[in-house]
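See structure below.
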Number of protein chains: 2
Amino acid sequence: MTATEQDPGTRLPGAQCDVCSLHGVCLTQDLSADALERLDSMLDQPSPLKRGESLITQGNAFTSLYLVRSGSLKQVVRPLGQELEHVVGFYLPGETVGLEGIGESHCPASVVAMETTFVCELPYARLSELYCNNPSLSESLLHRMSRELRGEKRQLCLMSGRTAEQRLAGFLLGLSERFQQRGCSRYRFRLAMSRGDIGSHLGLALETVSRVLGRFQRQGVIQIATRELTILSLEGLRAILEEH
Amino acid sequence: MTATEQDPGTRLPGAQCDVCSLHGVCLTQDLSADALERLDSMLDQPSPLKRGESLITQGNAFTSLYLVRSGSLKQVVRPLGQELEHVVGFYLPGETVGLEGIGESHCPASVVAMETTFVCELPYARLSELYCNNPSLSESLLHRMSRELRGEKRQLCLMSGRTAEQRLAGFLLGLSERFQQRGCSRYRFRLAMSRGDIGSHLGLALETVSRVLGRFQRQGVIQIATRELTILSLEGLRAILEEH
DNA sequence: ATCAAACCTTGACCCAGGTCAGCCTAGCCC
DNA sequence: GGGCTAGGCTGACCTGGGTCAAGGTTTGAT
């Protein structure tokens, strides 16, 4: 079951962006008061996704963007003619999901909840009416997409000619920064994704992820208990990332 | 020297998009007549770049987008605290360069000509005035960025858990498709990039690129003389890409 | 035509990390 | 609480592709 298929009676009328704690990191952050009000009124709030449920299914019709309110998701692609899926990204609260579907009739990737997750749904048809008269909205969207593009290029750099240690150090530093931007600790957070997800995202076997995390712990740069991570030395991770 | 630093006298007043052979694949393709006319009038045509010259230099102020008229370019990133550069993308005629700088004060990557290259320059400040009144322009830009995003995710899949053979097969198939969209042969084209550039882009050593291309040739799926490529069997390449 | 610099190819060697296998642990459902 | 399942850890082994080295080819400048 996907989020768009449940009782519309459970939806709230608007998202109350003005009182949302994520307003400062969300798509809505730089909108004019007018644009914000109009956008708010077109946001639906589907019922929460449970771990493993799909928000977006690859191949389905593209209809909406989604803003993450709480929880986290992974984006997975199954390249045509392959049965193996690849994790191409993770989404945290405040991030915009579905941008790669704009201008396409069908969604090019699936997006799956990694834990109980609340999102706002933004039907793209209504959105595109709105941005005709709201340059601040077009601009916000462009900025979001541009940022995601930069993130992907960064990821490409991380995966090209880097050792497993460097990839994982870069990955943890990236997560740490994103948590900090969201007002969480940059030193201590929970990894919602499995070792297999991390491996798929970094181009490593899950065993390698496990081994390298163990090594980092023995070196004293992190402390990790299953999925509960503490970064003991940001500098240490940076040094590993920039090694050689 | 960059393209923005030469005699303004050499610039033509507009780009004559309506008679440009690339109109069908360029940013301008879906614009309303009105938007096209206004966009055309704000396009500059800097003098051509020679092989190795930079169109965009990482760290410089972000000012413009560029539309490739002829030739080709590579995008390179030097991650902070590293001296090695990574090739994160290639640009062909009709493609839009610089999208990842939108919303940033400084360019996050360099873009370098791989051969003699002509571009149109589109100052972003002028562009952003224009799209207030031209939803078709906002939409075109969003579609371009979304497409680039899909391309990057595809690239991530290609680099995650794929052999050197699969990466190169995927790379050649991707190029073939892009050349075809531009009205060139999908079977026969010139690789403007060096083996080193390809390797950096795919996360392989240049020696590996050379060896795998040789192997492809011996297997009879391609024919390659230095940079002149002929694809003898698209199906063969697809089979390699989807192997196992 | 000559030369230099950049680029490409090929071979030999070796190691980072993939694969397989076995076991342990945490979290969930009845 | 007990048992089931998904997820995580670790060891042994092996190979794809990185690195180093040497020689050939292409390109462009004089």
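Naming convention: chains lettered A, B, ... in sequence-line order (proteins, then strands); numbering from 1 in each chain. None of the values given here were measured: they were computed from a predicted structure. When reading the values below, keep in mind they use all heavy atoms of this one structure, side chains included, and skip hydrogens, waters and symmetry mates.
Taking CD1 of B:I224 as the reference point, atom CG of B:L229 lies at 5.0 Å (rounded to 0.5 Å). Atom CD of B:Q166 is separated from atom CG of B:L158 by 8.5 Å, given to the nearest 0.5 angstrom. Considering CG of A:L191 and OG1 of A:T226, their distance stands at 10.5 Å, rounded to 0.5 Å.
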For residues 90-101 of chain B, tabulate all N or O donor-acceptor pairs below 3.5 Å that involve a side-chain atom, not counting sequence neighbours.
{"residue": "B:Y91", "atom": "OH", "partner": "B:Q75", "partner atom": "OE1", "Å": "3.3"}
{"residue": "B:Y91", "atom": "OH", "partner": "B:E148", "partner atom": "OE2", "Å": "3.3"}
{"residue": "B:E95", "atom": "OE1", "partner": "B:L92", "partner atom": "N", "Å": "2.6"}
{"residue": "B:E95", "atom": "OE1", "partner": "B:R178", "partner atom": "NH2", "Å": "2.9"}
{"residue": "B:E95", "atom": "OE2", "partner": "B:R178", "partner atom": "NE", "Å": "3.2"}
{"residue": "B:E95", "atom": "OE2", "partner": "B:R178", "partner atom": "NH2", "Å": "3.4"}
{"residue": "B:E95", "atom": "OE2", "partner": "B:R182", "partner atom": "NH2", "Å": "3.3"}
{"residue": "B:E100", "atom": "OE1", "partner": "B:Q75", "partner atom": "NE2", "Å": "3.3"}
{"residue": "B:E100", "atom": "OE2", "partner": "B:Q75", "partner atom": "NE2", "Å": "2.9"}

Cut-off 3.5 Å, no hydrogens considered: what does the side-chain donor-acceptor table look like for residues 200-215 of chain A, sequence neighbours left out?
{"residue": "A:S200", "atom": "OG", "partner": "A:V87", "partner atom": "N", "Å": "2.8"}
{"residue": "A:R215", "atom": "NH1", "partner": "A:E165", "partner atom": "OE1", "Å": "3.4"}
{"residue": "A:R215", "atom": "NH1", "partner": "A:E165", "partner atom": "OE2", "Å": "2.4"}

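A search for salt bridge (charged side-chain N to carboxylate O under 4.0 Å, His left out) contacts involving B:E83 returns nothing, not counting sequence neighbours. Residues satisfying the salt bridge (charged side-chain N to carboxylate O under 4.0 Å, His left out) test with B:R186, not counting sequence neighbours, are none. B:R150 meets the salt bridge (charged side-chain N to carboxylate O under 4.0 Å, His left out) test with A:E104; sequence neighbours excluded.
Paired with B:H86 under the rule side-chain contact (heavy atoms from CB on, under 4.5 Å), one option of A:R162, A:K153, A:R154, A:M159 passes, and it is A:R162. Exactly one residue among B:I56, B:V68, B:V112 makes a side-chain contact (heavy atoms from CB on, under 4.5 Å) with B:L73. That residue is B:V68.
Of the residues in residues 163-175 of chain A, those with a non-hydrogen atom less than 4.0 angstrom from any atom of DNA chain C are A:T163, A:A164. Of the residues in residues 199-220 of chain A, those lying under 4.0 Å from DNA chain C by heavy-atom distance are A:G203, A:L204, A:A205, A:E207, A:T208, A:R211.
For residues 45-65 of chain A, the ring pair (Phe, Tyr, Trp, His ring centres under 6.0 Å) pairs, not counting sequence neighbours, are A:F62-A:Y124. Listed by first and then second residue, the salt bridge (charged side-chain N to carboxylate O under 4.0 Å, His left out) pairs involving residues 222-232 of chain B are B:R190-B:E228 (not counting sequence neighbours).
Note that the two end axes of the helix from C:dA1-D:dT30 to C:dC30-D:dG1 enclose an angle of 60°, each drawn from 5 base pairs, rounded to 10 degrees.
When DNA chain D is scanned in the 5' to 3' direction for atoms under 4.0 Å from non-hydrogen atoms of chain B, the outermost contacting nucleotides are D:dG17 to D:dT26. For DNA chain C, the contact window with chain A, defined by any atom under 4.0 Å from a protein heavy atom, covers C:dG17 to C:dC20 in 5' to 3' order.
Judged purely by atom type and a 3.5 angstrom limit, B:Q58 uses its side chain to pair as donor or acceptor with the backbone of B:R78. A distance-only check finds a donor-acceptor pair linking the side chain of A:T117 to the backbone of A:E115 [under 3.5 Å].
No side-chain donor from either of B:Q180 and B:S185 sits under 3.5 Å from a side-chain acceptor of the other.
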